[in-house]
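Take a look at the structure below.
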Amino acid sequence: MAELLARDAIRLHERAGSRDEAISRCGAVLVEVGAVAPAYVDAMLAREQSVSTYVGEGVAIPHGTLNSKESVQRDALAVLRFPDGVDWDGFDVRVCVAIAAAGDGHVDILAQLASVLMDPAQAQRLRESTTADDVITILEGKPS
């Protein structure tokens, strides 16, 4: 999974006043790193309107709708940490792992993320990460 995550797509000191602002920030990072076209950001917001991407342990995994695949230029991840938290429909989100996947690659990515997040200690490490190296190590499933 870490091969999909460029260092410049890791932002650890973000702020957002709302869930939609956090999703827009995630999408903007995917656009900045050349993974998606700007239309993908709208698809991420549309996905959230139909199904919450909150997965527990203070983590959300915003991604586009099935119809947004044509906006994906390459599979990629972006990790944004919101130290002050974001109200995500009543849940406190501290980390967003944004996904851009052109094919069915998002299924494998989601499975790998789930294995990290099912371990509360790993999820806590992710929420408290302060360096890109920390994030990459965690997502690769390596111990600290």
Side-chain angles (χ1 to χ4, degrees), residues 1-48 51-65 68-144:
M1 180 168 34
E3 67 275 3
L4 298 174
L5 180 61
R7 285 188 184 284
D8 59 348
I10 301 172
R11 312 285 171 91
L12 301 176
H13 304 287
E14 294 290 314
R15 289 197 172 10
S18 68
R19 175 197 74 188
D20 288 356
E21 187 180 337
I23 293 169
S24 294
R25 248 334 271 134
C26 289
V29 172
L30 290 172
V31 170
E32 286 172 32
V33 300
V36 301
Y40 190 76
V41 181
D42 293 332
M44 293 172 76
L45 291 163
R47 159 71 68 192
E48 199 65 40
V51 178
S52 177
T53 59
Y54 177 73
V55 294
E57 294 293 335
V59 179
I61 47 170
H63 54 286
T65 61
S68 64
K69 303 287 185 195
E70 67 278 354
S71 297
V72 177
Q73 295 157 352
R74 66 177 173 84
D75 289 1
L77 297 175
V79 175
L80 282 72
R81 183 171 159 266
F82 297 89
D84 296 333
V86 176
D87 179 2
W88 209 278
D89 300 324
F91 296 102
D92 180 42
V93 167
R94 301 292 169 135
V95 175
C96 288
V97 181
I99 300 173
D104 289 335
H106 68 287
V107 175
D108 291 336
I109 294 167
L110 290 170
Q112 288 178 296
L113 275 174
S115 69
V116 169
L117 300 176
M118 301 232 348
D119 179 344
Q122 290 291 80
Q124 180 176 356
R125 282 180 61 207
L126 188 59
R127 286 192 308 272
E128 296 174 356
S129 294
T130 57
T131 70
D133 287 336
D134 288 344
V135 172
I136 292 168
T137 298
I138 294 163
L139 294 181
E140 288 176 340
K142 296 178 181 172
S144 54

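- Summarising the geometry of Arg19 relative to Val86, their closest heavy-atom pair is N-CG1, 3.7 Å, with the distance given to 0.1 Å.
- Closest approach of Asp75 to Ala102, counting heavy atoms only: OD1-N, 2.8 Å.
- Using a 4.5 Å heavy-atom threshold, the side chains of Pro62 and Arg47 count as separate.
- To the nearest 0.5 angstrom, Arg7 atom CZ is 8.0 Å from Thr131 atom OG1.
- With a 4.5 Å cut-off on side-chain heavy atoms, Arg127 and Asp92 do not count as touching.
- A heavy-atom distance below 4.5 Å is not found between the side chains of Val97 and Leu5.
- Between the OG1 atom in Thr137 and the CG atom in Leu126 there is a gap of 11.5 Å [rounded to 0.5 Å].
- Closest heavy-atom contact between Val36 and Ala100: CG1-CB, 3.5 Å.
- Side-chain contact between His63 and Met44: absent, with no pair of heavy atoms (C-beta onward) separated by less than 4.5 Å.
- The shortest side-chain heavy-atom distance between Ile99 and Leu77 falls under the 4.5 Å cut-off.
- Of all heavy-atom pairs between Ala123 and Glu57, the closest is CB-CB, 3.6 Å.
- By the 4.5 Å heavy-atom criterion applied to side chains, Asp134 and Arg125 are not counted as neighbours.
- Atom CG in Leu12 sits 12.5 Å away from atom CD in Glu128 (nearest 0.5 Å).
- Atoms OH and CH2, on Tyr54 and Trp88 in that order, are 10.5 Å from each other to the nearest 0.5 Å.
- Rounding to the nearest 0.5 angstrom, the gap separating the CD atom in Glu48 from the OG1 atom in Thr53 is 3.5 Å.
- Residue Arg15 places its CZ atom among 12 or fewer non-hydrogen atoms of other residues, nucleotides or ligands, all under 6.0 Å distant.
- Using modelled atom types, one side-chain atom of Arg81 and one backbone atom of Ser129 make a donor-acceptor pair closer than 3.5 Å.
- The two residues Ala78 and Val29 come nearest to each other via the heavy atoms CB-CG1, 3.8 Å.
- The CZ atom of Arg11 lies 13.5 Å from the SG atom of Cys96; values are rounded to the nearest 0.5 Å.
- Contact of the Leu30 side chain with the Tyr40 side chain is registered, since non-hydrogen atoms from C-beta on lie closer than 4.5 Å.
- Between Leu45 and Ser24 the shortest side-chain heavy-atom distance falls below 4.5 Å.
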